[in-house]
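The structure under discussion appears below in the form of structure tokens.
Just so it is clear, the model here is predicted, and its values are computed rather than measured. Just the heavy atoms: all of them, side chains too, but no hydrogens, waters or symmetry mates, feed the values below.
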Amino acid sequence: RMPVFAPKAVASLPAELAAVDGWTKPAEREVFGDFAGLAPAGRQLLDTGCVQCHPLRGESVPDVIGIDLAGVPARVNPRWFHDFLLDPIRLKPNTRMPTFFPSGKSSNKEVLDGDVERQVAAVWAYLKEIDKQPLPEKIELARSQDFELIPTERPILQRTFMPQVGTHAIAVGFPAKTHYAFDAEGVRFAEAWRGRFLDAHGTWFV
């Protein structure tokens, strides 16, 4: 039942909350050092862990339910990101997020020689460049499967569940790559988007 607020009404809220808590946003290099060129290593790291739970740019492996990681560097404090990756439960006790750095050691020794600080910096670097970088290999593989619905000669109508619409969503896809979702329970147009239409795996197999 969380209401949706106008962007202008809440745009200043993160900075105001940080000011109340006495937080200042450190420079990225202060936290991560020089992370130039580390994005490819970050892609490897996301492929071995993060993509099991998180989408990226709206793309994901089947049945993923976490938040989309695209845009995270623009939303969170670099120091918080660093500390959260190292020890998620300390910062958010009820989180389902596991640590990939148990006891401060990397669980992936093959990337950047297992250097924890460089690996965390690499994940940040990849997410910073997410619009320019290829998606992790597991997501690319999932995209090649046969569950994507692609409108070609005529529209496609798919009864499904959508997080932004609910359990009564009717998704309608068009060859022009502009699509919408109708909320059959609330009797309203709920969402519209451009690009790819729908991955039906979660509807057909879950």
Side-chain angles (χ1 to χ4, degrees), residues 2-5 7-61 63-140 142 163-164:
M2 178 71 179
V4 176
F5 295 99
K8 287 184 179 179
V10 295
S12 63
L13 189 57
E16 290 170 358
L17 291 174
V20 168
D21 285 344
W23 273 74
T24 56
K25 186 174 181 178
E28 294 171 315
R29 285 178 178 259
E30 227 180 283
V31 179
F32 305 113
D34 183 5
F35 54 85
L38 292 183
R43 177 177 181 255
Q44 285 182 270
L45 291 165
L46 265 76
D47 198 52
T48 60
C50 306
V51 298
Q52 309 304 321
C53 296
H54 293 281
L56 287 162
R57 298 194 323 231
E59 309 277 3
S60 68
V61 299
D63 307 328
V64 159
I65 59 172
I67 63 166
D68 196 315
L69 295 181
V72 162
R75 300 196 303 265
V76 306
N77 187 301
R79 173 60 63 189
W80 183 91
F81 179 91
H82 171 278
D83 294 350
F84 186 69
L85 255 62
L86 291 180
D87 193 355
I89 293 176
R90 182 175 67 84
L91 293 183
K92 193 174 181 183
N94 295 322
T95 185
R96 295 184 181 180
M97 170 85 172
T99 179
F100 296 99
F101 305 97
S103 301
K105 297 180 180 179
S106 174
S107 55
N108 189 333
K109 305 295 184 184
E110 297 179 0
V111 178
L112 299 173
D113 297 322
D115 186 314
V116 171
E117 293 297 326
R118 297 292 279 168
Q119 287 187 355
V120 172
V123 173
W124 179 268
Y126 176 76
L127 294 177
K128 284 274 292 185
E129 300 177 18
I130 186 66
D131 291 333
K132 303 175 184 176
Q133 293 290 333
L135 290 168
E137 189 174 340
K138 286 189 177 72
I139 293 181
E140 294 285 6
Q164 300 87 346

Under the salt bridge (Lys or Arg N to Asp or Glu O under 4.0 Å) rule, collect the residues that match up with Arg29, sequence neighbours excluded.
Asp34
According to side chain to side chain contact (heavy atoms under 4.5 Å, CB included), who are the partners of Phe35, at least two apart in sequence or on a separate chain?
Glu28, Phe32, Leu38, Ala121, Trp124, Ala125
Once rounded to the nearest 0.5 Å, what's the spacing between atom CH2 of Trp80 and atom CG of Leu91?
6.5 Å
Above 12 or not: heavy atoms from other molecules or residues under 6.0 Å from NZ of Lys105?
no
Looking at every heavy atom in both Tyr126 and Pro136, which two are closest together, and how far apart are they?
OH-CD, 3.2 Å
Name all residues meeting the salt bridge (Lys or Arg N to Asp or Glu O under 4.0 Å) criterion together with Lys138; count only those two or more places apart in sequence or in a different chain, and write none if there are none.
Asp47
Criterion side chain to side chain contact (heavy atoms under 4.5 Å, CB included) on Thr48 and Phe100, from CA distance to verdict
CA-CA 10 Å; Thr48 60; Phe100 296 99; over 6 Å; no
If you round to the nearest 0.5 Å, how far is NE2 of His54 from CG of Leu46?
9.0 Å
Taking all heavy atoms of Pro26 and all of Pro78, pick out the closest pair and write down the distance.
O-CG, 3.8 Å
For the residue pair Val31 and His82, what are the closest heavy atoms and their distance?
CG1-CB, 3.6 Å
Side chains of residues 66-73: which donor-acceptor pairs under 3.5 Å do they make with residues two or more places apart or in other chains?
unit_1	atom_1	unit_2	atom_2	d
Asp68	OD1	Arg57	N	3.0
Asp68	OD1	Ala70	N	2.9
Asp68	OD2	Arg57	N	3.2
Asp68	OD2	Gly58	N	2.6

What one should report as the nearest heavy-atom pair of Pro55 and Cys53 is CD-O, 4.0 Å
Roughly how far, to the nearest 0.5 Å, is OG of Ser103 from CG of Leu86?
12.0 Å
When rounded to the nearest 0.5 angstrom, what distance separates CZ in Arg43 from CD in Glu137?
6.5 Å
What is the minimum heavy-atom distance between Ala39 and Gln133, and which atoms define it?
CB-NE2, 3.6 Å
Atom pair CG/CD1 of Leu56 and Ile139 - distance to nearest 0.5 Å:
4.5 Å
How many angstroms lie between CZ in Arg75 and CG in Leu127, if you round to the nearest 0.5 Å?
9.5 Å
For Thr95, side chain to side chain contact (heavy atoms under 4.5 Å, CB included) partners two or more places apart:
Phe84, Pro88, Ile89, Lys92, Met97
Where do Gln119 and Gly114 come nearest, in terms of heavy atoms and distance?
NE2-CA, 3.5 Å
Stepwise side chain to side chain contact (heavy atoms under 4.5 Å, CB included) check, Val10 with Glu16
CA-CA 10 Å; Val10 295; Glu16 290 170 358; over 6 Å; no
Enclosure of Asp113 CG (heavy-atom neighbours >12, cutoff 6.0 Å):
no
Those residues at least two apart in sequence (or on a different chain) that pass side chain to side chain donor-acceptor pair (under 3.5 Å) with Glu110 are none
